[in-house]
Amino acid sequence: MPSRPIRIRTTSQSFDWDREFATSRKDYYHWTQWIFEKLFEHGLVFRSKTLVNYCPHCKVVLSNEDSQGGQCDICHSDVVQLSKDVWFLRITQYADKLLEGLNHVDYPESIKQQEISWIGKSTGAFVDFPLDETDEKLEIYTTRCDTLYGVTFMVVAPEHPVLDKYKDRIKNWGDVEAYRLGCAKKTEFERTQLAKDKTGVKIEGLAAVNPITGKKIPLFIADYVMMGYGTGAIMAVPAHDQRDYEFARKFGMDIVQVIKGGNIKKEAYSGDGEMINSGFLNGLTNKKDSIEKMLQYLAEKGIGHKGVQYKMKDWAFNRQRYWGEPIPLIHCPKCGTVLVPENELPLELPPVKNFEPGTDGQSPLAKIPEFVNCTCPKCGGPAKRETDTMPQWAGSSWYFLRFCDPHNDKVFADRKKLEYWMPVDHYNGGMEHVTRHLLYSRFWHHFLYDIGEVNTPEPYAKRTYQGMILGADGEKMSKSKGNVIDPVDIVNEYGADTLRTYVMFMGDYASAAPWSDESVKGCRRFLDRVAGLTDIMTAQKEDPQIEADLHKTIKKVSDDIENMKFNTAIAALMTLLNEFTKAGSITRADLITYIKLLSPFAPHITEEMWQYIGMNPDGKTFLTVSEWPSYDEDKTRDVEKEIGVQVNGKVRASIRLAVDCPREEALSRGKAEPNVARYLEGKTIVKEIYVPGRILNIVVK
RNA sequence: GCCGGCGUGGCGGAACUGGUAGACGCCCGGGACUUAAAAUCCCGUGGGUAGCGAUACCCGUACCGGUUCGAUUCCGGUCGCCGGCACCA
């Protein structure tokens with residue numbers, strides 16, 4: 001709290017402080033818990049024991065989104081995969097809606113792509129492979145079910161449960177266990193980045209059956225198959241999948257080509273081609289057709305069906321942290337999991353002495369008996385509260401809705417107010433939130449829309465992002481590099497107007513740009529020169545050229561601000577200033593317009609100038625709330641323009657022409673230029689191009 | 001490997017729908033003011049060749065090629081950088 005408002009105020013950022021709230025206050029998280037309960041009621045909260053990301057340093061279970069790149073979002077240590085009993089939000093159920101919704105919003109392509117690739121939808125088929133001499137069927141997921149005839153072995157992930165089930169039939173259980181242990185020790189990084197060399201163990205005593213050929217095929221465990229994607233088991237088609245190919249080569253498995261093409265002696269072939277060795281698929285040449293035909297066959301025989309897979313996983317939602325919204329669930333030995341009744345919300349976070357999570361994997365709340373022990377709202381018997389808390393993204397997943405109605409204590413926000421304000425017109429933020437906050441909040445909002453609580457499926461109409469301001473050395477600012485710029489220091493030395501102007505002027509808004517002290521000074525110089533305009537204010541009539549330029553600048557600055565091209569807006573204002581300075585005078589009317597245009601960037605100095613020239617006689621008529629200048633479209637159009645005269649596409653002269661100058665006149669004027677005439681002499685004119693106001697080009701031979 | 005984006009002076013960056021590349025700012029050089037310095041103001045500033053000079057010509061938007069009267073812009077290829085995903089079956 002202490003430093004942030006100072007920065008916000010010293011740089012004169014404007015907020016409606018009446019709408020201020022904090023997601024950590026109970027009058028806010030009341031409604032975060034309420035939304036959680038709605039999710040629970042609609043079957044979107046479930047508990048499951050699976051492999052999850054765990055940060056050994058923070059001692060906390062993390063979601064996939066919070067452990068991108070295999071690192072903890074908070075402390076950046078490597079996460080490990082542990083089998084844990086975890087609360088999940090079924091975000092995958094909204095995967096298709098999250099994808100489809102992207103078609104109806106104004107987001108940059110890069111952001112859409114990032115969301116799409118994070119969701120990672122793929123269409124394929126689930127196929128059952130019988131385990132020989134058992135009733136067990138091993139389900140696999142494949143995107144190329146048309147290559148089923150080329151399956152020569154199967155691979156399951158080291159963690160696959162089928163192994164434990166048939167433990168006593170596996171003759172080399174010792175080897176299998178040793179391999180599993182080795183895999184468990186590896187970090188995600190080692191397993192995916194370093195271990196490109198295929199490893200695995202053949203399961204002795206257990207074999208699979210290719211459901212389409214009836215042939216017995218060997219079964220392996222190998223860590224190139226992940227438990228977290230698909231079913232954790234694959235059918236291996238070495239002829240047409242490079243990973244399977246490498247594995248087959250190493251373990252001496254058969255490689256059966258089923259698609260013509262490539263050089264199977266050297267590598268797997270994943271391209272298109274005629275189907276061979278594939279029974280009823282033989283002769284088909286189109287991937288789409290053969291997949292379709294195989295799917296039909298699988299469905300008829302009841303051995304497989306069409307299916308989709310997502311890389312995105314369900315949202316691991318509970319954290320073993322103190323600072324988070326308590327999860328409003330009660331564990332009753334009789335009734336199971338029961339929601340805290342709505343009228344008992346908010347379920348308050350109890351005060352605690354020690355914030356550290358316990359070594360037992362429990363949250364600090366577990367150590368408070370008064371909190372843990374409660375009565376079941378259903379049966380009235382003794383019960384225990386869930387002691388984990390929600391992740392930081394919970395409260396932020398709907399805050400924009402609360403801004404519409406921040407003090408409502410009856411509902412999370414009044415429906416009429418939501419309808420008035422939503423959707424958010426423009427959400428600008430960092431790229432780092434695209435696969436976290438943006439994704440999560442879109443999910444919650446889609447859900448609230450589905451249950452009729454909000455009026456639009458998508459929360460944000462438009463999304464943009466800003467580039468990072470780098471240190472003067474071109475590196476990301478960091479304390480350890482010592483290249484951090486504190487905006488308050490800049491304000492103290494040059495003023496808030498200079499800081500604001502510089503930050504907007506320093507480069508393209510969406511691109512990263514290094515800090516430059518020298519350029520900051522340049523912006524200060526600019527503002528000092530602006531301040532000097534009052535000295536040359538005159539009552540004289542305005543020059544027509546200046547008038548035209550003024551109108552052009554109003555247009556440009558207005559458009560540029562709208563399109564977030566702040567750097568060129570400021571450049572246009574600098575150019576116009578240069579003109580006034582050169583002319584040595586500015587009319588009062590022009591000065592008024594000028595400072596209005598500059599005021600979003602430099603609100604203080606322009607407000608002062610406004611007052612200085614008598615625009616605020618009653619002390620209440622502020623520039624900040626004055627009307628934005630308008631322009632006359634006709635006056636933004638040049639009457640005359642300097643255009644280039646080319647001969648064979650090379651500029652040989654430059655002439656000033658009326659924009660509506662007729663073709664004949666333009667041509668004769670152009671040809672009359674000595675340096676043009678020089679190139680025309682003795683040549684035949686083949687073609688003459690004249691684009692009024694743009695170019696004159698004479699093609700000769 | 002796949003997806004998205006980018007590559008323009010010494011630097012940050014401009015350039016409409018294909019129409020005089022380098023706006024604007026910084027740095028740098030020269031000059032004015034000053035006893036002097038800082039600040040400020042004025043002039044110059046992509047590279048090269050010729051000329052005392054005005055000026056003229058050549059080269060130039062990562063590289064190679066294409067389309068076009070004309071390409072930073074469109075197309076094909078190559079290289080490099082940034083971001084995202086990744087043994088994803």
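Numbered from 1 within each chain, the chains take letters A, B, ... in sequence-line order. These numbers were taken from a predicted model, which means no experiment stands behind them.
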Could you tell me the separation between the CZ atom of A:Arg144 and the C1' atom of B:A89, rounded to a whole number of Å?
12 Å
Between C1' on B:A86 and CD on A:Gln68, what's the gap in Å once rounded to a whole number?
13 Å
Results of side-chain hydrogen bond (donor to acceptor under 3.5 Å, both in side chains) for A:Glu109 - residues two or more places apart only
A:Gln113
Distance, C1' atom - from B:U72 to B:A23, rounded to whole angstrom
15 Å
Ignoring backbone atoms, establish whether A:Arg652 has a side-chain N or O less than 4.0 Å from OP1 or OP2 of B:C57.
yes
Take atom C1' in B:A89 and the same atom in B:A15, then report the distance between them in whole Å.
48 Å
Cation over ring face, A:Arg243 and A:Tyr224, 6.0 Å, 45°:
no
Please tell me if A:Tyr141 has a side-chain N or O lying less than 4.0 Å from either OP1 or OP2 of B:A89.
no
When we call it a touch if two heavy atoms are under 4.0 Å apart, what does A:Lys112 touch: a base, just sugar-phosphate, or nothing?
nothing
Electrostatic pair A:Asp223:A:Lys198 at N-O distance under 4.0 angstrom
no
Whole-angstrom distance between B:C82 and B:A71, as gauged at atom P:
32 Å
From NZ of A:Lys650 across to C1' of B:A71 the rounded distance in Å is 13 Å
Donor-acceptor pair, distance only, cut-off 3.5 Å: does the side chain of A:Asn483 make one with the backbone of A:Lys476?
yes
Sticking with atom C1', work out how far B:A14 lies from B:C24, rounded to a whole angstrom.
7 Å
Test: A:Arg463 cationic atom under 6.0 Å from A:Tyr107 six-membered ring centre, within 45° of axis
no
Looking only at atom P, what distance separates B:C63 and B:C69, rounded to whole Å?
24 Å
Where does B:G9 land, syn or anti, once you apply the within-90°-of-0 test for syn?
syn
Can you give me every donor-acceptor pair (side chain of residues 505-515 of chain A, partner residue at least two apart or in another chain, under 3.5 Å) with its distance?
residue, atom, partner, partner atom, Å
A:Asp508, OD2, A:Ser511, OG, 2.7
A:Tyr509, OH, A:Asn428, ND2, 2.9
A:Trp515, NE1, A:Asp517, OD1, 3.1

Step through it carefully: locate the ring centre of A:Phe153, locate the ring centre of A:Phe247, and say whether they are under 6.0 Å apart.
yes
Ionic contact status for A:Arg524 with A:Glu493, cut-off 4.0 Å
no
Whether each nucleotide of nucleotides 11-29 of chain B has a protein heavy atom under 4.0 Å at its base (B), only at its sugar-phosphate (S) or at neither (-) is summarised, 5' to 3', as -BSSSB--BB--BBSSS--
Side-chain N or O of A:Arg678 versus OP1/OP2 of B:A56: is the shortest distance under 4.0 Å?
no
Quick test: give all pairs of protein nitrogen or oxygen and nucleotides 43-51 of chain B nitrogen or oxygen below 3.5 Å, distance rounded to 0.1 Å.
none

Quantified in whole Å, what is the P atom distance between nucleotide B:C6 and nucleotide B:C75?
12 Å
What's the NZ-C1' distance between A:Lys313 and B:C88, to the nearest Å?
10 Å
Looking at residues at least two apart in the chain, or sitting in another chain, which of them share a side-chain hydrogen bond (donor to acceptor under 3.5 Å, both in side chains) with A:Lys121?
A:Asp96
Hits for ring-ring contact (aromatic ring centres under 6.0 Å, His included) against A:His76, two or more places apart or cross-chain, chain-then-number order -> none
Using heavy atoms to find the nearest nucleotide of RNA chain B for A:Lys687 and A:Thr143 separately, return the residue whose nucleotide is more 5′.
A:Lys687
Answer yes if the side chains of A:Arg436 and A:Tyr440 hold a donor-acceptor pair under 3.5 Å, and no otherwise.
no
Pairs of donor and acceptor atoms involving the side chains of residues 565-572 of chain A, under 3.5 Å and at least two apart or interchain, shall be tabulated with distances.
residue, atom, partner, partner atom, Å
A:Thr568, OG1, A:Asp560, OD2, 2.8
A:Thr568, OG1, A:Lys565, O, 3.0

Measure all distances between protein nitrogen or oxygen atoms and nitrogen or oxygen atoms of nucleotides 52-55 of chain B, and list the pairs falling under 3.5 Å.
none

Separation of the C1' atoms in B:G44 and B:A38, to the nearest angstrom
23 Å
Any side-chain donor paired with an acceptor under 3.5 Å for A:Tyr594 and A:Thr606?
no
Does A:Asp528 reach a base, just sugar-phosphate, or nothing at all? Heavy atoms under 4.0 Å.
nothing
For the pair made of CH2 in A:Trp118 and C1' in B:G83, what is the distance, rounded to whole Å?
14 Å
Return the value, rounded to whole Å, for the distance between atom CG of A:Leu138 and atom P of B:A89.
18 Å
Quick check: any donor-acceptor pair below 3.5 Å linking the side-chain of A:Lys311 to the base of B:C85?
no
For nucleotides 3-9 of chain B, which of its nitrogen or oxygen atoms have a protein nitrogen or oxygen under 3.5 Å away, and what is each distance?
residue, atom, partner, partner atom, Å
B:C3, O2', A:Gln113, OE1, 3.2

Take atom OH of A:Tyr229 and atom P of B:C88, then tell me their distance rounded to the nearest Å.
9 Å
Check ring-ring contact (aromatic ring centres under 6.0 Å, His included) between A:Tyr631 and all other residues, then give those that pass, not counting sequence neighbours.
none
Ring centres under 6.0 angstrom apart (A:His433, A:Tyr427)
no
What contact category does A:Tyr679 fall into here, base, sugar-phosphate, or nothing, at under 4.0 angstrom with non-hydrogen atoms?
sugar-phosphate
Both distances under 3.5 Å, Watson-Crick or G-U wobble: on that basis, could you give the dot-bracket string for RNA chain B, with [ ] for crossing pairs and | for other-strand partners?
(((((((..(((......[....))).(((((.......))))).(((((....)))))..(((((..]....))))))))))))....
Under 3.5 Å, is there a donor-acceptor pair between the A:Asp66 and A:Trp393 side chains?
yes
Mind calculating the distance between CG (A:Asp535) and P (B:U40) to the nearest angstrom?
16 Å
Mind checking what makes side-chain contact (heavy atoms from CB on, under 4.5 Å) contact with A:Asp634, not counting sequence neighbours?
A:Asp632, A:Arg637
Between B:G29 and B:C81, how many Å separate the two P atoms, rounded to a whole number?
34 Å
Hey, is A:Arg678 close enough to A:Glu673 for a salt bridge, meaning N to O under 4.0 Å?
no
